[in-house]
Amino acid sequence: MPELPEVETVRLGLNRLLPGRTIAAITHDWPKGFPNDEADVRTHALGAKVSSVRRRAKVLMIELDSAYSFVIHLKMTGQLVFRDGTTRFGAGHPNDSLVGELPDKSTRVIFTFTDGSRLFFNDQRKFGWVRLLPTHDVPNSSFLQKVGPEPLEETFSAQDFIARIRRRPKSAIKAVLLDQTIIAGVGNIYADESLFAAKIHPAKPVSEISDNQLTQLYTDLRAILRLSIEKGGSTDRNYVNAEGKRGSYLTFARAFRREGQACDRCGTIIVKTRVAGRGTHYCPVCQVR
DNA sequence: CACTTGACCTGTCCGC
DNA sequence: TGCGGACAGGTCAAGT
């Protein structure tokens with residue numbers, strides 16, 4: 001799924017497109033992913049205007065002027081695509097758009113605004129969800145209260161990073177990067193990419209990694225997350241932004257999905273294994289265990 | 001308690 | 001072309 005750069009790209013798009021629009025109707029065929037009381041939806045969402053779109057970790061929040069928010073997790077295959085009726089398919093760069101006419105077979109929720117524009121929540125694998133909560137309760141909700149700091153916050157220092165990573169001394173470094181209670185927003189792509197950049201083996205236990213190496217990892221992780229946001233995130237298979245278009249970070253990827261290709265530092269073939277239960281790409285020479 | 005594994009779903013790709 | 005199995009960007013609950 002969508003990791004921090006992808007969710008942030010969606011947020012940037014939606015925050016440009018949604019504020020000021022008023023919700024006229026919401027339809028869904030999916031109680032499990034839209035576990036909201038219909039009366040609450042009628043009272044707190046219909047007729048409410050979007051004030052802003054925010055992000056915390058990999059969670060999006062569409063804030064309404066009713067003091068309620070739609071809180072959304074895209075998980076592995078979720079998409080939030082906005083359409084105002086002016087989209088012309090096939091114009092411009094056809095390969096940019098992964099999404100055609102909507103709704104399609106993976107559309108789970110449709111928000112219709114009073115001006116006729118619509119926001120589609122698509123999710124092939126149905127792991128994602130859309131909840132309506134009082135805005136005040138969102139930070140303390142079960143899925144956000146234990147989440148760690150945002151790695152791109154200016155106040156988040158290398159010392160903070162190292163101290164939090166060292167809370168899991170025996171775990172493989174990759175497992176720790178993926179743990180959202182340690183650091184927010186890192187997933188499989190950026191774990192592999194940052195460990196490659198910092199020349200750390202993904203299965204290396206934290207206790208065996210020096211402070212200098214962790215400082216390098218901190219610097220590389222932040223640079224990679226920033227670069228990916230600039231490139232609109234990574235599209236491996238499903239991911240698209242708020243306009244249905246793909247991201248281009250993977251053309252810059254040095255390890256992720258590059259198994260069988262040469263390492264750009266030493267020429268060794270990048271391998272793919274399994275670490276922390278996830279497909280893991282690394283250079284067996286540069287990233288010494 | 002710390003840490004790892006399976007389950008949640010649907011679709012796609014790969015080998016036989 | 002068909003079929004079974006492995007796998008896919010995330011996160012929990014349940015297991016060791």
Side-chain angles (χ1 to χ4, degrees), chain A residues 1-10 28-35 55-60 71-80 98-99 104-109 121-131 141-148 164-196 202-207 221 224-225 228-229 231-241 246-253 255-260 272-281:
Chain A
M1 141 188 171
E3 307 179 26
L4 188 154
E6 290 74 32
V7 181
E8 179 62 13
T9 300
V10 172
H28 70 96
D29 65 343
W30 183 36
K32 192 168 177 186
F34 192 91
R55 177 190 64 78
R56 172 77 173 101
K58 300 173 190 172
V59 174
L60 281 167
V71 185
I72 301 174
H73 203 307
L74 303 174
K75 289 289 179 82
M76 300 277 254
T77 53
Q79 304 172 330
L80 276 171
L98 266 187
V99 179
D104 65 21
K105 64 191 290 192
S106 72
T107 299
R108 311 297 176 196
V109 185
F121 180 80
N122 294 340
D123 189 4
Q124 178 187 104
R125 289 173 76 179
K126 297 185 176 175
F127 289 165
W129 43 257
V130 177
R131 298 165 202 237
S141 57
S142 58
F143 42 86
L144 279 185
Q145 66 173 354
K146 295 190 322 190
V147 166
R164 297 188 71 88
I165 293 287
R166 292 215 183 280
R167 291 183 184 189
R168 299 273 183 279
K170 289 190 241 176
S171 291
I173 181 64
K174 173 157 177 180
V176 182
L177 285 176
L178 294 175
D179 184 339
Q180 300 299 295
T181 70
I182 302 289
I183 308 294
V186 180
N188 209 35
I189 297 173
Y190 304 104
D192 281 5
E193 288 293 293
S194 60
L195 289 167
F196 176 91
K204 194 163 189 170
V206 167
S207 63
L221 174 62
I224 285 166
L225 293 175
S228 185
I229 292 168
K231 300 300 173 191
S234 297
T235 296
D236 189 23
R237 27 188 88 217
N238 287 274
Y239 168 75
V240 292
N241 69 13
R246 28 192 347 142
S248 67
Y249 175 81
L250 286 188
T251 51
F252 300 86
F256 187 81
R257 284 255 155 174
R258 291 198 68 246
E259 67 270 29
K272 182 175 180 186
T273 57
R274 195 154 277 267
V275 175
R278 316 296 304 278
T280 298
H281 316 72

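Within every chain, numbering begins at 1; the chains are lettered A, B, ... in the order of the sequence lines, protein sequences first and strands thereafter. We use all heavy atoms of the structure for the numbers below, so side chains are in, but hydrogens, waters and symmetry mates are not.
- OP1 or OP2 of dT11(C) has at least one side-chain nitrogen or oxygen of His73(A) nearer than 4.0 Å.
- The phosphate of dG10(C) has OP1 or OP2 within less than 4.0 Å of a side-chain N or O from Arg278(A).
- As judged by a 4.0 angstrom heavy-atom cut-off over every strand, Gly277(A) is placed among residues making no nucleic acid contact.
- The shortest distance between the side-chain N/O atoms of Lys170(A) and the OP1/OP2 oxygens of dC3(B) is not below 4.0 Å.
- Arg56(A) has its side chain within reach of Val147(A): a pair of non-hydrogen atoms, C-beta onward, lies under 4.5 Å apart.
- Contact annotation for Asn238(A): base contact, defined as any heavy-atom pair under 4.0 Å involving a base atom.
- Between the CG atom of Asp123(A) and the C1' atom of dG10(C) there is a distance of 11 Å, rounded to whole Å.
- Side-chain contact between Asp179(A) and Arg164(A) is absent, with no heavy atoms from C-beta onward closer than 4.5 Å.
- Between Gln180(A) and the phosphate of dT11(C), there is a side-chain N or O to OP1/OP2 separation shorter than 4.0 Å.
- Here the straight-line distance linking atom CZ of Phe252(A) with atom NZ of Lys231(A) works out to 4.0 Å at 0.5 Å rounding.
- Distance from the side chain of Ser171(A) is smallest to dC3(B) among dC3(B), dG10(C), dC9(B).
- For the pair Arg125(A) CZ and dC12(C) P, the interatomic distance rounds to 16 Å; values are reported in whole Å.
- Residue contacts for Asp236(A): at a heavy-atom cut-off of 4.0 Å it reaches a base atom on one of the strands shown.
- Taking the ring centroids of Trp129(A) and Phe121(A), they lie at or beyond the 6.0 Å cut-off.
- Distance Leu60(A) CG to dG10(C) P: 15 Å, rounded to the nearest Å.
- Classification of Asp192(A) and Arg257(A) as a salt-bridged pair fails, no side-chain N sitting under 4.0 Å from a carboxylate O.
- Contact check, Lys272(A) against dC7(C): no side-chain N or O comes under 4.0 Å of OP1 or OP2.
- No contact: Gly128(A) has no heavy atom under 4.0 Å from any strand.
- The side chain of Lys58(A) approaches dG10(C) more closely than any other nucleotide in the set dT4(B), dG10(C), dG11(B).
- Taking atom P on both dA13(C) and dC9(B), the two are 15 Å apart, rounded to the nearest angstrom.
- The P atoms of dT11(C) and dC1(B) are separated by 23 Å, rounded to the nearest whole Å.
- Rounded to whole angstrom, the span from the CD atom of Glu259(A) across to the C1' atom of dA6(C) amounts to 14 Å.
- Atom NZ in Lys32(A) sits about 10 Å away from atom C1' in dA7(B), given to the nearest Å.
- The residue Ser106(A) sits apart from the nucleic acid: no heavy atom pair falls under 4.0 Å.
- Separating the CE atom of Met76(A) from the C1' atom of dG6(B) is a distance of 13 Å, rounded to the nearest angstrom.
- A centroid separation of 6.0 Å or more is found between the aromatic rings of Tyr249(A) and Phe256(A).
- Of all nucleotides present, none satisfies the Watson-Crick or G-U wobble test against dC9(B) with each distance under 3.5 Å.
- Among the heavy atoms of the strands, none lies under 4.0 Å from Lys146(A).
- Put simply, Arg274(A) has a side-chain N or O that comes within less than 4.0 Å of OP1 or OP2 on dA8(C).
- In this structure, Leu74(A) places its CG atom 17 Å from C1' of dT10(B), rounding to the nearest Å.
- Atom CZ in Arg168(A) sits about 10 Å away from atom C1' in dC1(B), given to the nearest Å.
- Each of Phe143(A) and Arg257(A) was assigned the nucleotide of DNA chain C with the nearest heavy atom; the assignment lying further toward the 5' end belongs to Arg257(A).
- Rounded to the nearest 0.5 Å, atoms OH (Tyr190(A)) and CG (Leu4(A)) are 9.0 Å apart.
- The aromatic ring of Phe127(A) does not stack onto the base of dT11(C), failing the criterion of a centre distance under 5.5 Å from the six-membered base ring together with planes under 30° apart.
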